Amino acid sequence: MKTKIIHENDENFSDELIVAGDKLNKGALVVFPTETVYGLGANALDSEACKKIYFAKGRPSDNPLIVHVSSLTMAENLFENAGEYFYKLALEFWPGPISFILKKHSSVSDIISGGLDTVAVRMPNNKTALKLIEYAGVPIAAPSANISGKPSPTRREHVLNDLDGKVDYIILSDDFPIGVESTVLDLSDEKPVILRPGAISKSMIERALGGLSIKIISDDEIKKQEKSPVKSPGMKYKHYSPSASVFSTSEDMTEKKICDFALKHGVSRNMVKYLSYTDDVIMARDLFADFRQADLEGYKIILVKPADGGELITANLNRLERAMEK
Ligand code: TXA
Ligand code: MG
């Protein structure tokens, strides 16, 4: 397939974006920038178009998709009575990096929900994305625009490497996204639970809900769910993993320590990529890009010293831990 590549800069929208929106409406696959990572979009009301997403990514079909909207009204057609937490949080954080899991409206297809009775909804904080959805005139189902199992795409070259030739349109942007995917907050039960930490942190959500205490799903709970109907299907799949083995350290590694580390793991020093982050925002922005770069350069081991503070710390450590799972 020949992919049409266009460039948007968030200030002036080109006529090509109108065409891409129209094609999206009519069943095309369109990669677009968001404030978190690039998304691979299809018309959420068109099951055949949504099926193509799974095929292009090589994604397991029971892993549901987030539906992206450009207005609250568009969101309201996707779920059954969302409740007061949703309205409070959407008012506070939308457009922004948080997806809400809600009881789905019967019109939302099983292709999107992966057979669950819920749907994930998000309004991205990116002008190009919002304009594209508006032009499409329909909600857009979009997972991260990477081949399944690879780190989410945070740079132009990542989407081009993964999806050029497999989709109808790729819309590129020069902006650096946040770099970690949206917070996924389950509001379908009585108590809100964070299924995936992101840039909207637990404490930000708790504050917005007047001090209500909320939980982040634990690894044990995720493991238990692998055996029964899964509430957070995305968590059971191997994720965010570069080909190199990933290790983490809380120590500042001197050259001598890195050599000892390499020896202990049976590789030569030049096979170890050491990534040391001091700032949580920069770690989020760069981690996936650094993973991909290390793979391109053929490293066998990536050793990461994560930034140890900041609002993004939980999201960063979560992505690092998932990358360490083999
Ligand atoms: O920032 C983001 O959320 C990006 C951009 C493109 O918006 N999208 C993204 O989508 O990360 P994806 O498909 O890579 O991750 C969606 C996560 C998966 O872990 C999936 O299992 C979960 O959300 N999810 C989607 N629908 C769900 C549902 N109904 N119940 C539970 N989890 C759901
Ligand atoms: Mg993904």
Side-chain angles (χ1 to χ4, degrees), residues 30-42 44 50 53-54 56-70 78-79 93-105 108-126 128-130 132-133 139-154 158-159 162-163 171 173 177-189 192-200 217 221-222 225-226 229-241 284 288 315 318-319 322-323:
V30 178
V31 172
F32 61 97
T34 83
E35 84 283 30
T36 56
V37 302
Y38 280 90
L40 165 55
C50 291
I53 291 180
Y54 290 93
K57 274 185 69 103
R59 180 181 176 109
S61 61
D62 65 344
N63 193 2
L65 306 173
I66 297 175
V67 183
H68 295 63
V69 297
S70 57
L78 298 166
F79 53 73
F93 299 119
W94 271 6
I98 183 163
S99 303
F100 301 106
I101 309 288
L102 299 159
K103 288 277 180 238
K104 73 169 191 164
H105 188 268
V108 175
S109 97
D110 276 346
I111 310 282
I112 287 177
S113 64
L116 298 172
D117 62 355
T118 54
V119 62
V121 189
R122 137 168 159 84
M123 190 190 292
N125 188 17
N126 176 288
T128 302
L130 290 172
L132 178 75
I133 301 167
I140 301 300
S144 49
N146 52 287
I147 296 295
S148 212
K150 277 212 202 181
S152 290
T154 54
H158 303 164
V159 278
D162 281 14
L163 293 173
I171 304 171
S173 152
I178 295 169
V180 288
E181 309 85 344
S182 63
T183 305
V184 176
L185 181 68
D186 186 359
L187 292 177
S188 68
D189 267 344
V193 179
I194 295 177
L195 301 182
R196 179 175 73 181
I200 304 295
I217 193 169
E221 284 163 303
I222 295 168
Q225 289 189 6
E226 281 168 22
V230 183
K231 241 182 136 17
S232 53
M235 302 303 230
K236 72 180 180 176
Y237 295 107
K238 198 162 117 52
H239 244 136
Y240 321 119
S241 292
F288 292 157
N318 170 272
R319 302 314 188 269
R322 309 226 92 214

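As the structure lists them, so they are numbered: ligands from 1, and atoms in each ligand from 1. Please read all numbers here as calculations on a predicted model, not as lab measurements.
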Polar atom proximity, S113 to ligand 1 (N or O, under 3.5 Å)
no
Hey, which atoms in ligand 1 end up nearer than 4.0 Å to a heavy atom of G39?
6 (C)
Atoms of ligand 1 under 4.0 Å from any heavy atom of N63, numbered from 1 in the order shown, are 18 (C), 20 (C), 21 (O)
Between K57 and ligand 1, does any nitrogen or oxygen pair lie at a separation below 3.5 Å?
no
Min side-chain heavy-atom separation V31-I171 under 4.5 Å
no
Scanning both residues in full, the closest heavy-atom pair of P124 with P95 reads O-CB, 3.4 Å
Hey, does T34 come in under 3.5 Å of ligand 1, counting only N/O atoms on both sides?
no
Check whether any N, O or S atom of S144 sits under 2.8 Å from the Mg ion (ligand 2).
yes
Should E35 and R122 count as an ion pair when the cut-off is N to O under 4.0 Å?
yes
What are the atoms of ligand 1, with element, lying closer than 4.0 Å to any heavy atom of T36?
1 (O), 2 (C), 4 (C), 5 (C)
Check K104 with D117, please: is the shortest side-chain N to carboxylate O separation under 4.0 Å?
no
Does any N or O of ligand 1 fall below 3.5 Å from an N or O anywhere on H68, backbone included?
yes
Using a strict threshold of under 4.0 Å (side-chain N to carboxylate O), is an ion pair present between R196 and D186?
no
Take F79 and I101 through the test side-chain contact (heavy atoms from CB on, under 4.5 Å) and record every step on the way to the result.
CA-CA 9 Å; F79 53 73; I101 309 288; over 6 Å; no
What do we get for L116 next to ligand 1 when only non-hydrogen atoms under 4.0 Å count, side chain, backbone, both or neither?
side chain
Answer side chain, backbone, both or neither: which part of M123 comes under 4.0 Å from ligand 1, heavy atoms only.
neither
T118 neighbourhood, listing ligand 1 atoms whose heavy-atom distance to it stays under 4.0 Å
28 (C), 29 (N), 30 (N)
Measure K104 to ligand 1 on non-hydrogen atoms and call it side chain, backbone, both or neither using the 4.0 Å cut-off.
neither
Can you find an N/O atom of Y38 closer than 3.5 Å to an N/O atom of ligand 1?
no
Spatial distance of atom CG (L130) from atom OG1 (T34) [nearest 0.5 Å]:
10.0 Å
Provide the number and element of each atom of ligand 1 under 4.0 Å from a heavy atom of I101.
27 (C), 28 (C), 30 (N), 31 (C), 32 (N), 33 (C)
Could you tell me whether the side chain of N146 and the main chain of K150 form a donor-acceptor pair under 3.5 Å?
yes
Which pair of non-hydrogen atoms, one from P153 and one from S144, has the smallest distance, and what is that distance?
CD-CB, 4.2 Å
For ligand 1, is there an N or O atom under 3.5 Å from any N or O atom of E181?
no
Quick one, Y54 and I111 - any side-chain contact, counting heavy atoms below 4.5 Å?
yes
